[in-house]
Amino acid sequence: MSARRGTIDVHTHILPERWPDLKERYGYGGWIQLHHHCNGKASMMKDKDGQLFREIEENCWSPEARIKEMDETGVAVQVLSTVPVMFSYWAKPEDTLDLCTILNDDIAKAVKKYPTRFVGLGTIPMQAPEQAILELRRCVVELGFAGVQIGSHVNQWNLDAPELERVFAVAEEIGACIFVHPWDMPEDERMKKYWLQWLVGMPCETAVAICSMIFGGVLERHPRLRVCFAHGGGAFPFIIGRVEHGFKSRPDLCAKENPFNPRKYIGQIYTDTLVHDEGALKYLASTIGEDRIILGSDYPFPLGEHPPGKIIVSVSEWGDDTKDKVMYRNALEFLGLKCHPQNGPMPMEEEQQNSQQSKLEEDSDWQPQTKIPRLDTERITS
């Protein structure tokens, strides 16, 4: 395939190669344990009932195995986050915090060892907001992460819950980005067949998360909060017309906490590009904005895109500038990185720089700013 130099994959998952027996460590079950059964393969098992959750391979825990596959598929940088089943918001807060520390420290080791190849996103005990804030600060200040990954809801709280307000406020204050991943989908009888929890439940979960943050005023109160939603924002981009119509026709139900049209926040939120269809990707770009969609592959799992970015590359209507935005430049902005982990800051072409400066100088309050970093757009083949 043809990849682009500097490609950043914002949606990848990683686990430690080993972790303690959590049932023994905490005194109760419900956790995921990893059982290595042959070289380079392991089973994620539910300790409560002994059921298999997922089979994984060494690319789920080995930075070296990941880098080998990244090189084969033209991915320069992966953003590392845990597997959502490890969120463990259902558990005692002190135990979830302890597990978060184990998971975050493992990600930090990979980032420290390969700082030009990996960027970290932590996990935090969202069911205990004050402890979540402490771990959020540790992730960003001590471990050097760009932000955190959180679930689409926290037990019975949607993301507009008042209890979570401080978490978002602190994230905005310290410049931490937030990657929202669906998890804990309904498990009733209707959803058990055909993998419906993952195929249908996940897009619905993400749409609920976005609508909650909009209708609940979270995005209004925190305009500088950088939030990206997995799987192309789930169902949300495709129901935005319905959501807006509901806001206008039943403000008594939809506008109780935020008086502004939901479309106001298009251009504020990010989504990844994991929609598995070229037509859907083009619609996503036209709806969310080509400046707000970011390559995300869900590496290394079966529902992911392999190789990462193949649909982006295939969109013939998009020129180099648009593809560069989606493949890495939007990621740099979302992650709050001033330069690319591999290349460092590069000046814009002189013509583009002069054009931007002229536009800014029309504002009397404009002051000279640092040049915006830009990578070259040379293609590589893998």
Side-chain angles (χ1 to χ4, degrees), residues 10-11 81 84 147 149-154 157-161 164 168 177-186 191 196-223 225-251 253-298 303-305 311-312 326 330-331 333-334:
V10 78
H11 182 175
S81 57
Q149 175 190 227
I150 68 171
S152 49
H153 68 277
V154 181
W157 298 339
N158 280 327
L159 296 186
D160 63 329
L164 301 178
F168 297 127
C177 65
I178 294 179
F179 187 75
V180 180
H181 197 294
W183 89 300
D184 192 29
M185 294 78 68
M191 299 298 287
L196 291 180
Q197 277 184 283
W198 269 257
L199 300 182
V200 179
M202 278 191 162
C204 291
E205 267 294 313
T206 307
V208 170
I210 298 175
C211 287
S212 296
M213 295 189 82
I214 290 175
F215 286 140
V218 177
L219 298 178
E220 180 63 27
R221 291 189 296 275
H222 305 291
L225 183 65
R226 304 190 308 280
V227 189
C228 180
F229 297 90
H231 311 135
F236 177 78
F238 306 94
I239 62 169
I240 180 61
R242 181 179 180 86
V243 170
E244 181 183 37
H245 182 73
F247 168 83
K248 290 178 176 178
S249 62
R250 292 301 306 268
L253 299 176
C254 301
K256 295 173 70 173
E257 297 180 40
N258 182 6
F260 298 106
N261 190 308
R263 284 194 188 271
K264 175 183 178 182
Y265 306 97
I266 300 298
Q268 183 172 339
I269 63 173
Y270 296 83
T271 77
D272 73 15
T273 58
L274 191 59
V275 294
H276 301 287
D277 179 86
E278 183 176 324
L281 180 60
K282 289 189 285 189
Y283 173 80
L284 179 67
S286 68
T287 303
I288 298 298
E290 64 180 36
D291 295 326
R292 288 295 179 268
I293 61 173
I294 308 170
L295 168 65
S297 74
D298 208 2
L303 265 178
E305 179 185 61
I311 296 180
I312 298 169
V326 179
N330 294 345
E333 183 177 298
F334 166 66

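One-based numbering along the sequence shown.
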Just do the side chain to side chain contact (heavy atoms under 4.5 Å, CB included) check on Ile294 and Glu333 with the steps written out, would you? CA-CA 10 Å; Ile294 308 170; Glu333 183 177 298; over 6 Å; no
Minimum heavy-atom distance Pro84-His181, with the two atoms named: CG-ND1, 3.3 Å
Return the minimal non-hydrogen interatomic distance between Gly151 and Trp183, and the atom names on each side. CA-CD1, 3.7 Å
State whether the side chain of Asp272 and the backbone N or O of Gly232 hold a donor-acceptor pair below 3.5 Å, judged by distance alone. yes
How far apart are the C-alpha atoms of Asn330 and Val10, what are their side-chain angles, what is the distance that settles it, and do they pass the side chain to side chain contact (heavy atoms under 4.5 Å, CB included) test? CA-CA 10 Å; Asn330 294 345; Val10 78; over 6 Å; no
Determine whether a donor-acceptor pair (N or O, by modelled atom type, separation under 3.5 Å) exists between the side chain of His276 and the backbone of Leu303. yes
Paired with Trp157, the side chain to side chain contact (heavy atoms under 4.5 Å, CB included) test is passed by just one of Val154, Leu159, Asp160, namely Val154
Side-chain contact, heavy-atom cut-off 4.5 Å: His231 with Met202? yes
What is the minimum heavy-atom distance between Phe236 and Ile266, and which atoms define it? CE2-CD1, 4.0 Å
Phe168 versus Ile178, closest heavy-atom pair with distance: CD2-CD1, 3.6 Å
If I take atom CG from residue Asn158 and atom NE2 from residue His153, how far apart are they, to the nearest 0.5 angstrom? 8.0 Å
Looking at Arg221 and Gly216, would you say the former's side chain and the latter's main chain have a donor-acceptor pair under 3.5 Å? yes
Could you state the interatomic distance from CD (Glu244) to SG (Cys254), rounded to the nearest 0.5 Å? 11.5 Å
What pair of heavy atoms forms the shortest contact from His11 to Ala230, and how long is it? CE1-CB, 3.9 Å
Please report the interatomic distance CD1(Ile288) to OG1(Thr271), rounded to the nearest 0.5 Å. 5.5 Å
Do you know which two heavy atoms are closest between Gly267 and Arg292, and how far apart they sit? O-NE, 2.9 Å
As an exercise, state the distance from CD1 of Ile150 to OG of Ser81, rounded to the nearest 0.5 Å. 12.0 Å
Between Tyr265 and Asn258, is any pair of side-chain heavy atoms under 4.5 Å apart? yes
Look at Glu220 together with Lys264 and state whether they make a salt bridge at an N to O cut-off of under 4.0 Å. yes
Could you walk me through whether Leu225 and Gln268 pass the side chain to side chain contact (heavy atoms under 4.5 Å, CB included) check? CA-CA 9 Å; Leu225 183 65; Gln268 183 172 339; 5.7 Å; no
Aromatic ring centroids of Tyr283 and Phe238 under 6.0 Å? yes
